[in-house]
Asks: 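Take this structure, written in structure tokens, and hold onto it; I'll ask about it next.
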Protein chains: 2
Amino acid sequence: MTERRLQILDAAATLISERGYTSTSVDDVIKSAKLSGKSHFYHYFKSKEELGYEVLNRQFERFAERGLAILREPMIDPLERLNLFIDAVVALQSESGGRRGSPFGNLAAELADAHEGFRVRIEAVFERWASQIRSLLWEARPQLQDDVDAVRLSRFIIAALEGAVLMTRVKRDLSVLEGIAVDLKRFIAMHVRDKSAWPLHRHHE
Amino acid sequence: MTERRLQILDAAATLISERGYTSTSVDDVIKSAKLSGKSHFYHYFKSKEELGYEVLNRQFERFAERGLAILREPMIDPLERLNLFIDAVVALQSESGGRRGSPFGNLAAELADAHEGFRVRIEAVFERWASQIRSLLWEARPQLQDDVDAVRLSRFIIAALEGAVLMTRVKRDLSVLEGIAVDLKRFIAMHVRDKSAWPLHRHHE
DNA sequence: TAACAATAGGACCGTACGGTCCAATACGCA
DNA sequence: TGCGTATTGGACCGTACGGTCCTATTGTTA
């Protein structure tokens, strides 16, 4: 039962990340998921909107597994984990040559004003993402300067990555993201308490 | 002749920045610009696409006048100008309560993959923006560390701002952008050669 | 006054879209 | 065997969209 649903979800996720939500028609999804017709599709989803919501959830779950999970690795130094996470974002984008951008950022830009249902769900996604970074930052507190604002810094990291991914997509040039990743690591390293005791600043040489 | 065109352009700009390009119909524009009908509209524009291109151009011109112009003020210290520019971006967003986001970023996310014509025009917009920052950075070279990469740093600034504006829009909270603006200034200040000689770091207290 | 752009109003067209409804067949499992 | 779910196929509907065409009526200005 759930198998065909996932197949549809995956097909839709690909289409939506390529063309956006509005420009992806239900018929496109049906064709791509090799369903027999609309009845078949509407047997699994009550509307295109519901499909969109579930695609968003699924995209976040994938991102949580393949990206955010790194932030919680218990055996690695927290700030090192943050660098690894940034590397993972770059790696994820590399898979599509930087052409797809962020599934969250794309939907956000497309629907934030037009569709409140999506807006709140995307907001929740960013919040969950930010909270992961915040708890990592909390964990790294002993290494960080006293005045580090975890809320602000976590937002900055996400904004920089989302902006970088967007520009990469527009320029069709992965090196944009790579360069910004380097700078972002440097910015994070700027917040460590004792730079000489922290070898992270070698990352940008 | 050109007056009515501008009226249409402005109405379309507002609608597009509110709902996106795809979700803005020609009839919406006609209604908003108080035209009598389609003939009237198509008397001025040969297609919706042409309208979209011109809206984008006009948005950039406005941004160039009200934002980028600050980067060229000859009587102000270049790095100070950069801070003022960031403030101006925040101020521009405040006008809409952070609800509209960046006209470039929005179109980029919506159309970069689906519509090559828009993609290249948006790419050009970002490039012109980046080049303004690059020449400012070049001007500020004596105050900056030797290893500052102007191309990379200019991209970082734009990405951070675009990402910040996007998140602000999703969260409907201007303080997101304000916080990121503070951090971005700090990041820029990180690149100055002699921090004690440069009072800019007081900006974040 | 002649020429031309601007304004007005509306009919029309082809296409695409999200969604509904219905009838029939296959399939898995108790 | 029978019951529910999965699957197939297609007709159909209302709406919205971008765009065309045609006809008139207003300015404007050389």
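So that the names make sense, note that chain A is the first sequence line, chain B the second, and so on, each numbered from 1.
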Asks: Could you state the CD1-P distance from A:Ile30 to D:dG9, rounded to the nearest angstrom?
Replies: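 Rounded to the whole Å, the gap is 13 Å.
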Asks: Nearest whole Å is fine: how far is D:dT7 C1' from A:Gln7 CD?
Replies: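 Distance check: A:Gln7 CD to D:dT7 C1' gives 13 Å.
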Asks: State yes or no: are the ring centers of B:Phe63 and B:Trp129 separated by less than 6.0 Å?
Replies: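 Centroid separation for B:Phe63 and B:Trp129: below 6.0 Å.
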Asks: Using a 4.0 Å heavy-atom cut-off to protein, can you give one letter per nucleotide of nucleotides 11-30 of chain C, 5' to 3': B if the base is in contact, S if only the sugar-phosphate is, - if neither?
Replies: ------SBBBBB--------
Asks: Whole Å only: how far is the NE2 atom of B:His43 from the P atom of C:dT7?
Replies: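 Answer to the nearest Å: 7 Å.
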Asks: For B:Arg4 and C:dT7, is the shortest distance between a side-chain N/O and OP1 or OP2 below 4.0 Å?
Replies: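 True: B:Arg4 side-chain N/O within range (under 4.0 Å) of C:dT7 OP1/OP2.
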Asks: Between P on C:dT7 and NE2 on B:His40, what's the gap in Å once rounded to a whole number?
Replies: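 For the pair B:His40 NE2 and C:dT7 P, the rounded distance is 4 Å.
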Asks: Which whole-number value in Å describes the distance from A:Glu3 CD to D:dT5 P?
Replies: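 It is 18 Å, rounded to the nearest whole Å.
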Asks: Kindly state each residue pair satisfying side chain to side chain donor-acceptor pair (under 3.5 Å) with at least one member in residues 88-99 of chain B, sequence neighbours excluded.
Replies: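 Only B:Arg66-B:Glu95 qualify under side chain to side chain donor-acceptor pair (under 3.5 Å).
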Asks: Do the side chain of B:Ser32 and the main chain of B:Val29 share a donor and acceptor less than 3.5 angstrom apart?
Replies: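 Such a contact is absent between B:Ser32 side chain and B:Val29 backbone.
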Asks: Send over the distance from A:Leu35 CG to D:dG10 C1', rounded to a whole Å.
Replies: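 Rounded to whole Å, this separation is 15 Å.
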Asks: Does any N or O in the side chain of B:Arg121 come within less than 3.5 Å of the main-chain N or O of B:Gly117, such that one atom is a donor and the other an acceptor?
Replies: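 Yes: the side chain of B:Arg121 pairs with the backbone of B:Gly117.
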Asks: Any ring pair (Phe, Tyr, Trp, His ring centres under 6.0 Å) involving residues 5-35 of chain B? Give me the pairs, sequence neighbours left out, ordered by first then second residue.
Replies: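 As it turns out, the ring pair (Phe, Tyr, Trp, His ring centres under 6.0 Å) pairs with a partner in residues 5-35 of chain B, which skip direct neighbours, are B:Tyr21-B:Phe118.
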Asks: Would you confirm whether A:Asp183, through its side chain, and A:Ile180, through its main-chain N or O, come within 3.5 Å as a donor-acceptor pair?
Replies: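 Side chain of A:Asp183 to backbone of A:Ile180, a donor-acceptor pair under 3.5 Å: no, none is there.
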